[in-house]
Amino acid sequence: MSIQSEMSLTSASSILQAAQTLKAGGLVAFPTETVYGLGANAEDVKALSRLYAVKGRPTDHPVIVHVARADQLSDWAVDIPDMAYQLANAFWPGPLTLILKRSARVPDEVTGGQDTVGIRVPSHPIALALLQAFGGGVAAPSANRFGRLSPTSALHVREDLGEDVNCILDGGACQVGVESTIVAFRAGQPVILRPGMITAEQIESVLSHGEAPADSATETTAAEPASTVSRAPGTLASHYAPRTPVELLSADELALQMKQVTASGESVGLIAFQGHSVPETVIYREMPIEPQAYAQRLYAELRALDALQLSRIFVQQVPEVGAWLAVYDRLNRAAFKA
Ligand code: TXA
Ligand code: MG
């Protein structure tokens, strides 16, 4: 296995080599703007079966096909609704996955036997260069073992997958930090299957105005319709979980817990906004109040605390609106108890 150093990040030869590895049936971990992906040739059934084995993932769990350009959509999907093209035009390359009816090109191994396929054009320059050099579709789940936290650095990938991956391209820390927003179309309506940093409001804005939204979070004025994008939160399965138990707390509960920890001397982790006073036995990670900056750091902070053998990780609850929804969703999964 080779880890490309920061110095050779943009080296065309390491990317060409990784594309060759994919063509030869190998597995390549690569950076995307959301999280690192573990890639295999989406048309190579043998490579896909190795991908599932390395992930430790049930074979009926579908993976996303990554392509270099939106005009490749029609290679992988059929009966593509106009709305899908509008969203692709507005948000690709970027952290959005579209669920569409699969074309004959898509093997069962990619879709878990379903008649739909997830497709995404990522925006990380190394991901785009790899996809361009490879030419076809790259099936890639997040590059972690099944059920664990998604990796947001090359080091995380190496810790998780070690020698089981042929090559890891290092693109530094992921800028978005949580997985893409997944949108399906049901009865002609968009449905968010997984919230991400592209919000329901942004999607709604594109579909109702036929144009890309402004960079900043969308403003809702009285004249604008309320969001009609359905949210299908899915099951709050124990996914994205650290090994240390995670407990979500309101600000009041947090203050109470800090008092108790002061008395007990328990070693705990705390992920919270600024301004809490904590005893010495608490490892306190102060988080940004802005959802994009928070999301970017979240998995790295959880991983770092998880490595410290603490008895618990407390996390201050975040708002359940707009771009915070993606963070809210991941925190609730991390805290899920079966
Ligand atoms: O940001 C991301 O989406 C990252 C990067 C690597 O692109 N990928 C990622 O993949 O998060 P993964 O496999 O960890 O999560 C993909 C999710 C799964 O929850 C899967 O169920 C859903 O996408 N998915 C894939 N294909 C689907 C389909 N045809 N229908 C419904 N859900 C699908
Ligand atoms: Mg994943």
Asks: Do H156 and Y299 have ring centres separated by under 6.0 Å?
Replies: no
Asks: side-chain contact (heavy atoms from CB on, under 4.5 Å) with C174: which of T152, T34, T32?
Replies: T152
Asks: With a 6.0 Å cut-off (strictly less than), is the heavy-atom count around CG of L308, excluding the residue itself, greater than 12?
Replies: yes
Asks: Is there a donor-acceptor contact under 3.5 Å from the side chain of Q274 to the main chain of E286?
Replies: no
Asks: Are R303 and P242 packed together at the side-chain level, in the sense that at least one heavy-atom pair is separated by less than 4.5 angstrom?
Replies: no
Asks: So, are D71 and R69 salt-bridged, with charged N and O less than 4.0 Å apart?
Replies: yes
Asks: Compare every heavy atom of V268 with every heavy atom of S311, then report the nearest pair and how far apart it is.
Replies: OG-CG1, 3.9 Å
Asks: Salt bridge or not between R145 and D164? Use side-chain N to carboxylate O under 4.0 Å.
Replies: yes
Asks: So, the side chain of R120 versus the backbone of G94: is there a donor-acceptor pair under 3.5 Å, distance only?
Replies: yes
Asks: State whether the side chain of S180 and the backbone N or O of I182 hold a donor-acceptor pair below 3.5 Å, judged by distance alone.
Replies: no
Asks: Less than 4.5 Å apart, side chain to side chain, heavy atoms only: is that true for F273 and V318?
Replies: yes
Asks: Are W92 and L87 side-chain neighbours, meaning at least one heavy-atom pair lies under 4.5 Å?
Replies: no
Asks: Identify the heavy atoms of F185 and I99 that sit nearest to each other, and give their distance.
Replies: CD1-O, 3.8 Å
Asks: Check the hydrophobic clustering (I, L, V, M, F, W, Y; side-chain heavy atoms under 4.5 Å; chains of links allowed) and say if L254 and V246 are grouped together.
Replies: no
Asks: Within the side chain of T181, is there an N or O that forms a donor-acceptor pair under 3.5 Å with the backbone of G196?
Replies: yes
Asks: Of the non-hydrogen atoms in E204 and V229, which two are nearest, and what is the gap between them?
Replies: OE1-CG2, 3.3 Å
Asks: Among residues at least two apart in sequence or on other chains, which ones pass side chain to side chain contact (heavy atoms under 4.5 Å, CB included) with P245?
Replies: none
Asks: Less than 4.5 Å apart, any side-chain heavy atom of R102 and any of D108?
Replies: yes
Asks: Among Q296, Q292, M197, which residue meets the side-chain contact (heavy atoms from CB on, under 4.5 Å) test with V176?
Replies: M197
Asks: Can you give me every donor-acceptor pair (side chain of residues 78-85, partner residue at least two apart or in another chain, under 3.5 Å) with its distance?
Replies:
unit_1: D79; atom_1: OD2; unit_2: K101; atom_2: NZ; d: 3.2

Asks: Between R57 and F146, which heavy-atom pair has the shortest distance, and what is it?
Replies: CG-CD1, 3.7 Å
Asks: Should R50 and L27 count as side-chain neighbours, where that means a heavy-atom distance under 4.5 Å?
Replies: yes
Asks: So which heavy atom on P62 is nearest to which on T111, and how close?
Replies: CB-O, 3.5 Å
Asks: Please determine whether salt bridge (charged side-chain N to carboxylate O under 4.0 Å, His left out) holds for the pair E179 and R194, giving the CA-CA distance in whole Å, both sets of side-chain angles, and the decisive distance to 0.1 Å.
Replies: CA-CA 8 Å; E179 303 82 354; R194 179 175 70 186; 5.0 Å; no
Asks: Is it true that a side-chain atom of H66 and a backbone atom of I64 form a donor plus acceptor pair closer than 3.5 Å?
Replies: yes
Asks: Looking at every non-hydrogen atom in both residues, tell me the closest pair between P190 and V183 and how far apart they are.
Replies: CB-CG1, 4.0 Å
Asks: Considering only heavy atoms from C-beta outward, does the side chain of L270 approach that of R285 to under 4.5 Å?
Replies: no
Asks: Closer than 4.0 angstrom, basic N to acidic O: yes or no for D160 and K55?
Replies: no
Asks: Do any side-chain atoms of residues 127-144 form donor-acceptor pairs under 3.5 angstrom with protein atoms, and if so which ones, sequence neighbours left out?
Replies:
unit_1: S142; atom_1: OG; unit_2: N144; atom_2: OD1; d: 2.6
unit_1: N144; atom_1: ND2; unit_2: R148; atom_2: O; d: 3.0

